Protein chains: 2
Amino acid sequence: MLTTERHEFIISILKKQGTVKLQELVDQLHASESTIRRDLVQLEEMKLLKRVHGGASLLQRKGLEPTTMEKQNKATAEKQLIAKRASAFIEKNDCIYLDAGTTTAEMIPYLKEKNVTVMTNGLMHIPKLIELEIKTVLVGGTIKFSTNAVIGSNAGQFLNEYRFDKCFLGMNGIHHEMGFTTPDPEEALLKKLAINLSNETYVLCDSSKLNEATFTKVADVSDAIIITDSNDREAIAQLQKNPKVKVVTIS
Amino acid sequence: MLTTERHEFIISILKKQGTVKLQELVDQLHASESTIRRDLVQLEEMKLLKRVHGGASLLQRKGLEPTTMEKQNKATAEKQLIAKRASAFIEKNDCIYLDAGTTTAEMIPYLKEKNVTVMTNGLMHIPKLIELEIKTVLVGGTIKFSTNAVIGSNAGQFLNEYRFDKCFLGMNGIHHEMGFTTPDPEEALLKKLAINLSNETYVLCDSSKLNEATFTKVADVSDAIIITDSNDREAIAQLQKNPKVKVVTIS
DNA sequence: TAATAAAATGAATGATTTTGAATAATTTTA
DNA sequence: TAAAATTATTCAAAATCATTCATTTTATTA
């Protein structure tokens, strides 16, 4: 058997199972331990794998380093619950729009098994989406440094070419009269567009956002299904005065 | 048996099984070892196969295509030099297209002072660009996991709305006859488009790429200014036989 | 057609690379 | 800590390779 054939076999088996034991390779390739060992050394030099005691493992790609995001973990537990609840609405093979933001980020682990196609403007989502090899289309446009999101008219133009089964949005304020609001008009524009392009819209909303309002209005509270962990009965009741408003609570 | 017949047979068997042992060919073609060996040498010169110890293999080894992480750290010193030289061509306030890839990545540190606007399809560039707060427009489209680049028809469509002063591309092969080549047709398409949309095109090329050819042709060698650290006089001379070809060397 | 040059072939030689086994050194496990 | 497993190192045999040269085949020209 040719050296290159062995090398290919080793790489392919690694891609399949992530790691291999040296003995496993010796058995399957009918070559001596020395030879396999030498193969592994060479492949490691080529940066194609990492040798570990007893065998080898795939070089895990660190890809994009998570930059500034995911640092404010003060309410991650709540966010995780909300995200999990939101993910329950996703059906197999859905095409979804995933808004930038820390709450929507928590949905990603649940996406793999649903075999969804994701479109997103959130750069902070990218490393995780790549790691899980989830089919992803990135919105093109200008990068906004403060939130690591893609925005701008070019982003809107790009988005406009697509339609989604469902979209999942974060929001800075939710108020029974002012509706959904967010500080940045450009981001608001994109969210608005996403809502229009989606069959169903879900807004993920931790308790701190309820009864708040910020600068730019995105939509009426009746335009999306609100998923929240808040147990502020009063605020929720006030939202539900309008019979068109749908609120999903966790507990 | 005619030489060309043998050559065809060798190529066809390679296409079928990816690799062949020399002995295998000797048996099947009823020719001497010397003859087959000569055949392989010739076919290799024609860039139709790659000779390996004991036989030959197809040029583009599918399993062994190194991903970005694997290629990294390989020859960063060279790449830095090439990137620095390339950056010298940038003028203040230019709008540039920065191709995905490890060599182009090394250009980013030089961009800040030039106050450029960058468009890129390379996700691996994003953290650095954000860190330095360089005005960046991200190409929208489908994410290719192996290289962390954005590709696809939607990417092309997006790109087509822009024009650039200069574009800086990486390339997998540069060959005086075959021109610029890259393994992935989708990436080739995007590179081609970037060239068309730019006033000036620069190809960053470390020594390992010179005189190589891969699957898809992007452009003729005369379509871009080649920046290389190679001191392979012969290869460079061969490129420059065509008076339209411009080569910039480091030293 | 014969004479000649050019190209292709096969065999032989020595150089190089790859391989497997033996053993010493190291790491992991109990 | 000792035993077991894994790794690194070394060496000789085997396989493969590059080079050379005589021979055959093919092409060219007189």
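A, B, ... follow the sequence lines: proteins, then strands. Residue 1 opens every chain. Worth saying up front: this structure is predicted, and the values here are computed from it rather than measured.
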A.B. asks: Decide yes or no on side chain to side chain contact (heavy atoms under 4.5 Å, CB included) for Val203(B) and Ile174(B), but give the supporting numbers first.
C.D. replies: CA-CA 9 Å; Val203(B) 169; Ile174(B) 293 177; 3.8 Å; yes
A.B. asks: I'd like to compare against my own output: the B/S/- annotation of nucleotides 21-30 of chain C with a strict under-4.0 Å heavy-atom distance to protein.
C.D. replies: B-----SS--
A.B. asks: Do Lys191(B) and Thr182(B) have side-chain atoms, one donor and one acceptor, less than 3.5 Å apart?
C.D. replies: no
A.B. asks: Can you tell me how far P of dT19(C) sits from CD of Glu5(A), to the nearest Å?
C.D. replies: 12 Å
A.B. asks: Parallel under 30°, tilted from 30 to 60°, perpendicular over 60°: which one fits the rings of Tyr97(B) and Phe164(B)?
C.D. replies: tilted
A.B. asks: Between Val52(A) and Gly54(B), name the one whose nearest nucleotide on DNA chain D is closer to the 5' end.
C.D. replies: Val52(A)
A.B. asks: Not counting sequence neighbours, which residues clear side-chain hydrogen bond (donor to acceptor under 3.5 Å, both in side chains) with Lys47(B)? List them please.
C.D. replies: none
A.B. asks: Counting side-chain heavy atoms from CB outward, which of dA8(C), dG20(C), dG10(C) is closest to Thr35(B)?
C.D. replies: dG10(C)
A.B. asks: So does Lys21(A) have more than 12 non-hydrogen atoms from other groups sitting under 6.0 Å from NZ?
C.D. replies: no
A.B. asks: Would you list the pairs meeting side chain to side chain donor-acceptor pair (under 3.5 Å) in which at least one residue belongs to residues 219-230 of chain B, sequence neighbours left out?
C.D. replies: Lys217(B)-Asp220(B)
A.B. asks: Could you please spell out the steps behind the side chain to side chain contact (heavy atoms under 4.5 Å, CB included) verdict for Ile90(B) and Ile96(B)?
C.D. replies: CA-CA 8 Å; Ile90(B) 298 175; Ile96(B) 69 170; 4.2 Å; yes
A.B. asks: Estimate the overall bend of the helix from dT1(C)-dA30(D) to dA30(C)-dT1(D) from the end axes over five pairs each, rounded to 10 degrees.
C.D. replies: 40°
A.B. asks: Can you tell me which residue among Tyr202(A), Phe89(A), Tyr110(A) is in a ring pair (Phe, Tyr, Trp, His ring centres under 6.0 Å) with Phe168(A)?
C.D. replies: Tyr202(A)
A.B. asks: Over all strands shown, is Val41(A) touching base, sugar-phosphate only, or nothing at heavy-atom distances under 4.0 angstrom?
C.D. replies: nothing
A.B. asks: What's Gln23(B) touching, base or sugar-phosphate or nothing? Going by heavy atoms closer than 4.0 Å.
C.D. replies: nothing
A.B. asks: Could you pull out all residues at least two apart from Arg6(B) that satisfy side-chain contact (heavy atoms from CB on, under 4.5 Å)?
C.D. replies: Met1(B), Thr3(B), Leu29(B), Ala31(B), Thr35(B), Ile36(B), Asp39(B)
A.B. asks: Nearest whole Å is fine: how far is dT17(C) C1' from Arg37(B) CZ?
C.D. replies: 12 Å
A.B. asks: Would you mind reading off the distance between Ile36(B) atom CD1 and dG10(C) atom P, rounded to a whole angstrom?
C.D. replies: 8 Å
A.B. asks: What I want to find out is whether Glu106(A) reaches Lys79(A) closely enough, with some N-O distance under 4.0 Å, to be called a salt bridge.
C.D. replies: no
A.B. asks: Could you tell me the separation between the CE atom of Met1(A) and the P atom of dT19(C), rounded to a whole number of Å?
C.D. replies: 12 Å
A.B. asks: Between Glu187(B) and Thr147(B), is there a side-chain donor-acceptor contact under 3.5 Å, judged purely by atom types and distance?
C.D. replies: yes
A.B. asks: What range of DNA chain D does chain A touch, first nucleotide to last, counting atoms under 4.0 Å from its heavy atoms?
C.D. replies: dT6(D) to dA8(D)
